[in-house]
Student: 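Encoded as structure tokens, here's the structure I'll be asking about.
All values derive from a computational prediction rather than experimental measurement.
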Amino acid sequence: MVFESRICRLYRSPLHHLQFTLSSPIFKFQNSLFSTSISNYISYTNLLSHLSKTKSLTPGLQIHAHLIKLGLSNHSKYRNHLVNLYSKCGIFQYAQKLIDESPEPDLVSWSSLISGYSQNGFGKDAIWVFLKMHSLGLRCNEFTFPSVLKACSIEKELFLGKLLHGVVVVTGFDSDVFVANTLVVMYAKCGEFVDSRMLFEEIPERNVVSWNALFSCYTQNDFFSEAMCMFRDMIGSGVRPDEYSLSNILNACTGLVDIVEGKKIHGYLVKLGYGSDPFSSNALVDMYAKGGDLKDAITAFEGIVVPDIVSWNAIIAGCVLHECQWQAIDMLNQMRRSGIWPNMFTLSSALKACAALELPELGKGLHSLLIKKDIILDPFVSVGLIDMYCKCNLTKDARLIYDLMPGKYLIALNAMISGYSQNEADDACLDLFSQTFTQGIGFDQTTLLAILNSAAGLQAANVCKQVHALSVKSGFLCDTFVINSLVDSYGKCTQLDDAARIFYECPTLDLPSFTSLITAYALLGQGEEAMKLYVKLQDMDLKPDSFVCSSLLNACANLSAYEQGKQIHAHVLKFGFMSDVFAGNSLVNMYAKCGSIEDASCAFHEVPKKGIVSWSAMIGGLAQHGHAKQALHLFGEMLKDGVSPNHITLVSVLYACNHAGLVAEAKKYFETMKDSFRIEPTQEHYACMIDVLGRAGKLDDAIELINKMPFEANASVWGALLGAARIHKNVEVGKHAADMLFSLEPEKSGTHVLLANIYASVGLWGDVARVRRFMKNSRVKKEPGMSWIEVKDSIYTFIVGDRSHPRSDDIYAKLEELGQLMAKAGYVPMVDIDLHDVERRQKEILLSYHSEKLAVAFGLIATPPGAPIRVKKNLRICLDCHTAFKFICKIVSREIIIRDINRFHHFKDGSCSCGDYW
């Protein structure tokens, strides 16, 4: 009675009000309909039945109140319909109250309550009600079994499901097609696909629901091929598919990324008249988008008369998938104008678009929309926000989202750690992982890759070793991605032995494995090892990609291996990488560093889309080769092309000015770089400018600029000043610069050598001896001069006085011959630059056997007449060698190209491209 009173208080409206509030014709009754009990029975049962189907709670409560007033609420038929209504609407306490107040247990009411719980996803409650019903002695019928079995499917209660299966068989309901269909689904949802398929085969008269039951389970569990086979079998058996069948199979086509089969299903939809079915239409949009045809996806979307939220989500996600980010944003705006508000799935896709486009303001707007609409952030939306903020370089905002998450999930941790790593916040990346590692969140492949990337960025070899150990312990060392990342990280941490060991221990070497180690060798000057590894790659019939070719070209550039570089160029052409920007830029860099600025220029003009790297490589190449005016002209062309310089470009521009003595131009670029290009001068820019001023003899201006620097000058700045002091024989400035370098780089021998040269240039031999004595006592070793030359795909190395080469006798004989010819042409050895305390004749011999002279002599006897000779040296070319090569190039009628640590020297027809300004 208490329950009935409550219902009456809640809804006092007269029943005739329903004929105005409910639009369906079934509710438009005349008062005369209620004159007899029979008409009452028919009217109320029909009303309640319809309200249950439409889940219309408010009118149902009104009818319940009216039934109470009429004294009909205890009628079993009405009560059963009311229980069904409340169960369908999720008002289970009302339904349970009605059942509890029933004088006798009623199977229909209990079945309705179980069905309501199951249909609303409350599997545990449905099972609990079933057990209670069973304890009352009520037996299931063909309507109860499907609901309880569905509850078992929801909760993966296989044991109870099997018990019910036994009851179904004993009671004979296994012949009922609806019960049989539910059993098929229950076994499939519990992962027992073999039993599910066996039950399906035993159904004597399978209808479309039977087929749908099984292949929908296949689709939901990603058994897409099996679902497709089932669908073909269904068509072959003569069963006509319905819209549910077709939408499920479209999902299978999506999972298989099989747009051909998807189009066939599209044909079925049109043929069978299901083209307007919303589920199938949404599945079509999703299939076309994920199958790679965004145009057809948009066409399918536009064919939907009234798109719902699922339709919009499918097309927006499709646009993002196809990297049509602006179109995705436009679709989002159209959706909002249509009156449909985005949900979490919509915003998740929109956030990806914002991340890709790096639109922080729009991303923040979407974030505020989530807050305004009070949408609870699930882990995936939170991860989307973290990713968006990180991609927009707003790691502090991303970290705030991460810290506010109530539960820390691995996917969120990975997003945050990856964001830190991508933004080069490597310390923060390692700190966060260190904090969370002890909290039990765990880690996976993605976590390790981000950590290794940050370890490489910091060159933290100890972190690489720790991650390596963690990978072994956790079993991730069998993962190819982790292996390749370890190789890459060890390489970037200069731990080549560790990188090579992991590479050769890898059971399944692939292209990225080779790329990682080849890149490491190239970066660390092990060009020959990189080339050997490339041969091994080819022996394994692996096709190189543009990244491998780029790394090899960089290796050739570091070795000045012109001929090998041309071979890699041929491979770039062979494999069709000429349109690749990375390969094109590497070609420009390789030819420039191998001494062929003409080939570099050709490669530059063939780069399809020239970015800042392309322009910088070419400008830097021209500058290094002494073509200052061309470098500055090209810089002007770059600006006209709308490409903004970066700090590397401006270093090259200043370098060009430096080696052409263009002091005024250098000052103009240096002083305006902040205002014109929004680039703050770095240590490199200051070092270049100090060098420009110093070489021009403006030592006071150079010192003044150092004093005005906004940060402490580093070794490159003081080194530039020391070099200028050597050129102008300024002992005071040289000594001051050297003292600063001794405190910054005490182990570097070059500082001592240059200081000794300054003393020697002004005849301070006592100070020269003191410097040499200090070097000996402090065990500071002078870096030996080394030169390399490439002949017939092999790299030959020479040091001063080297006699290890198999053709040493021929080399020294050639030098003797050249010495005599040069002497006749007026060459006089510059013995003053040799600091050894020996006789003049001995100094002449030592000068004649410098490594670059040995390399050039070998080139003259080992290469065809007339071919250019290309030599690379690890130190600055000495004044005597520079003078000698001007004589030699004229005597032998050959171009001699020397690449020293600073620039290229093209010796031709008795002069050098540097104009003796280097």
Side-chain angles (χ1 to χ4, degrees), residues 525 527 557-563 593-596 624-626 659 723 749-750 753-754 757 782-791 794-805 807-808 810-819 821-823 825 827-836 843-863 867-892 894-908 910-914 916 918:
N558 292 333
L559 289 170
S560 289
Y562 177 71
E563 294 300 326
K593 289 186 176 176
C594 288
S596 181
Q624 280 200 324
H625 284 266
H659 287 278
S749 63
V753 174
L754 279 174
N757 282 335
K782 181 179 181 293
E783 185 180 359
M786 300 177 69
S787 296
W788 296 266
I789 184 171
E790 179 193 24
V791 176
S794 295
I795 306 293
Y796 297 90
T797 307
F798 295 90
I799 59 173
V800 64
D802 193 353
R803 290 186 178 273
S804 62
H805 196 280
R807 297 190 65 182
S808 283
D810 296 334
I811 292 169
Y812 281 89
K814 189 66 179 178
L815 282 175
E816 187 68 28
E817 176 193 335
L818 289 171
L821 293 171
M822 285 192 295
Y827 165 73
V828 177
M830 305 179 74
V831 295
D832 291 347
I833 67 168
D834 189 282
L835 304 181
H836 292 91
K843 287 189 177 186
E844 289 179 359
I845 293 171
L846 289 171
L847 287 173
S848 66
Y849 297 158
H850 275 192
S851 63
E852 56 264 53
K853 286 176 181 161
L854 293 172
V856 168
F858 175 62
L860 289 171
I861 65 175
T863 59
I869 294 172
R870 292 180 170 84
V871 173
K872 178 188 175 185
K873 187 176 182 182
N874 66 327
L875 303 176
R876 181 181 180 275
I877 185 173
C878 79
L879 185 58
D880 179 72
C881 288
H882 192 271
T883 304
F885 289 142
K886 287 193 285 185
F887 281 93
I888 293 171
C889 71
K890 192 170 184 179
I891 291 168
V892 299
R894 293 237 212 159
E895 182 182 9
I896 299 172
I897 303 166
I898 307 293
R899 174 188 169 189
D900 71 6
I901 195 170
N902 288 327
R903 64 175 296 159
F904 278 90
H905 299 266
H906 291 256
F907 297 94
K908 191 174 182 180
S911 64
C912 179
S913 61
C914 73
D916 295 338
W918 89 99

Student: Can you check ring pair (Phe, Tyr, Trp, His ring centres under 6.0 Å) on His805 and Tyr796, steps first, answer last?
Tutor: CA-CA 9 Å; His805 196 280; Tyr796 297 90; 5.2 Å; yes
Student: Should we say atom CD of Glu563 is surrounded by more than 12 heavy atoms from elsewhere, each under 6.0 Å from it?
Tutor: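 Check passes, neighbour count above 12.
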Student: Strictly distance-based, threshold 3.5 Å: is any side-chain N or O of Asn874 a donor or acceptor partner for the main-chain N or O of Pro784?
Tutor: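 The answer is yes, because a donor-acceptor pair under 3.5 Å joins these two groups.
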Student: Kindly give the heavy-atom pair with the smallest separation between Ser851 and Ser787, and that separation in Å.
Tutor: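 Smallest heavy-atom distance, with atoms named: OG-OG, 2.8 Å.
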Student: Hey, which of Thr883, Ile877, Leu879 is the one that makes side chain to side chain contact (heavy atoms under 4.5 Å, CB included) with Cys881?
Tutor: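 Of the listed options, the one satisfying the test is Ile877.
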Student: Let me confirm one number: the CG-NZ distance from Leu847 to Lys853, rounded to the nearest 0.5 Å.
Tutor: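 Between Leu847 CG and Lys853 NZ, I get 5.5 Å after rounding to 0.5 Å.
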Student: Working to the nearest 0.5 Å, report the span between CZ of Arg894 and OG1 of Thr863.
Tutor: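 Reported to 0.5 Å precision, the distance equals 3.5 Å.
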Student: Could you point out which residue of Ile861, Leu860, Leu815 forms a side chain to side chain contact (heavy atoms under 4.5 Å, CB included) with Asp810?
Tutor: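 Filter result, single survivor: Ile861.
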Student: Can you tell if the side chain of Lys872 reaches within under 4.5 Å of the side chain of Leu559, non-hydrogen atoms only?
Tutor: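 Side-chain contact under 4.5 Å: no.
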Student: Going by heavy atoms in the side chains, are His625 and Ser913 under 4.5 Å from each other?
Tutor: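 Side-chain contact under 4.5 Å: no.
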Student: Does some side-chain heavy atom of Tyr812 sit less than 4.5 Å from a side-chain heavy atom of Leu854?
Tutor: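 With C-beta onward as the side chain, the pair touches.
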Student: Let me see the working for His882 and Cys914 under side chain to side chain contact (heavy atoms under 4.5 Å, CB included), right down to the final yes or no.
Tutor: CA-CA 10 Å; His882 192 271; Cys914 73; 3.3 Å; yes
Student: Heavy atoms, side chains only, cut-off 4.5 Å: are Leu821 and Val892 in contact?
Tutor: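 With C-beta onward as the side chain, the pair stays apart.
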Student: Does Arg807 qualify as a cation-pi partner of Phe858, given the criterion of NZ or CZ under 6.0 Å from the six-membered ring centre and within 45 degrees of its axis?
Tutor: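 Relative to the ring axis of Phe858, which defines the angle, Arg807 lies outside at least one limit.
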Student: Roughly how far apart are Arg876 CZ and Arg903 CZ, rounded to 0.5 Å?
Tutor: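 CZ of Arg903 is found 10.5 Å from CZ of Arg876.
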Student: First locate atom OG of Ser804, then atom CD1 of Ile799, and finally report the distance between them rounded to the nearest 0.5 Å.
Tutor: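 One gets 7.0 Å once the value is rounded to the nearest 0.5 Å.
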Student: Which value, rounded to the nearest 0.5 Å, describes the distance between Glu852 atom CD and His905 atom NE2?
Tutor: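 That separation rounds to 10.0 Å.
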Student: Between the main-chain N or O of Gly595 and the side-chain N or O of Arg899, is there a donor-acceptor pair closer than 3.5 Å?
Tutor: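 No: the side chain of Arg899 does not pair with the backbone of Gly595.
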Student: Just to verify, what does Thr797 make a side chain to side chain donor-acceptor pair (under 3.5 Å) with, not counting sequence neighbours?
Tutor: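 So Thr797 forms a side chain to side chain donor-acceptor pair (under 3.5 Å) with Trp788.
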Student: Mind listing the closest non-hydrogen atom pair of Cys889 and Gly910 along with its distance?
Tutor: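 For Cys889 and Gly910, the tightest heavy-atom pair comes out as SG-N, 3.3 Å.
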Student: Is there a donor-acceptor contact under 3.5 Å from the side chain of Asp880 to the main chain of Met830?
Tutor: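 Such a contact is found between Asp880 side chain and Met830 backbone.
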Student: Starting from the C-alpha separation in whole Å, work towards a yes-or-no answer on side chain to side chain contact (heavy atoms under 4.5 Å, CB included) for Ser596 and Arg870.
Tutor: CA-CA 9 Å; Ser596 181; Arg870 292 180 170 84; 3.8 Å; yes
Student: List the steps and the verdict of side chain to side chain contact (heavy atoms under 4.5 Å, CB included) for Phe798 and Ile789.
Tutor: CA-CA 9 Å; Phe798 295 90; Ile789 184 171; 3.9 Å; yes
Student: Once rounded to the nearest 0.5 Å, what's the spacing between atom CZ of Phe887 and atom CZ of Phe907?
Tutor: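 Phe887 atom CZ to Phe907 atom CZ measures 12.0 Å (nearest 0.5 Å).
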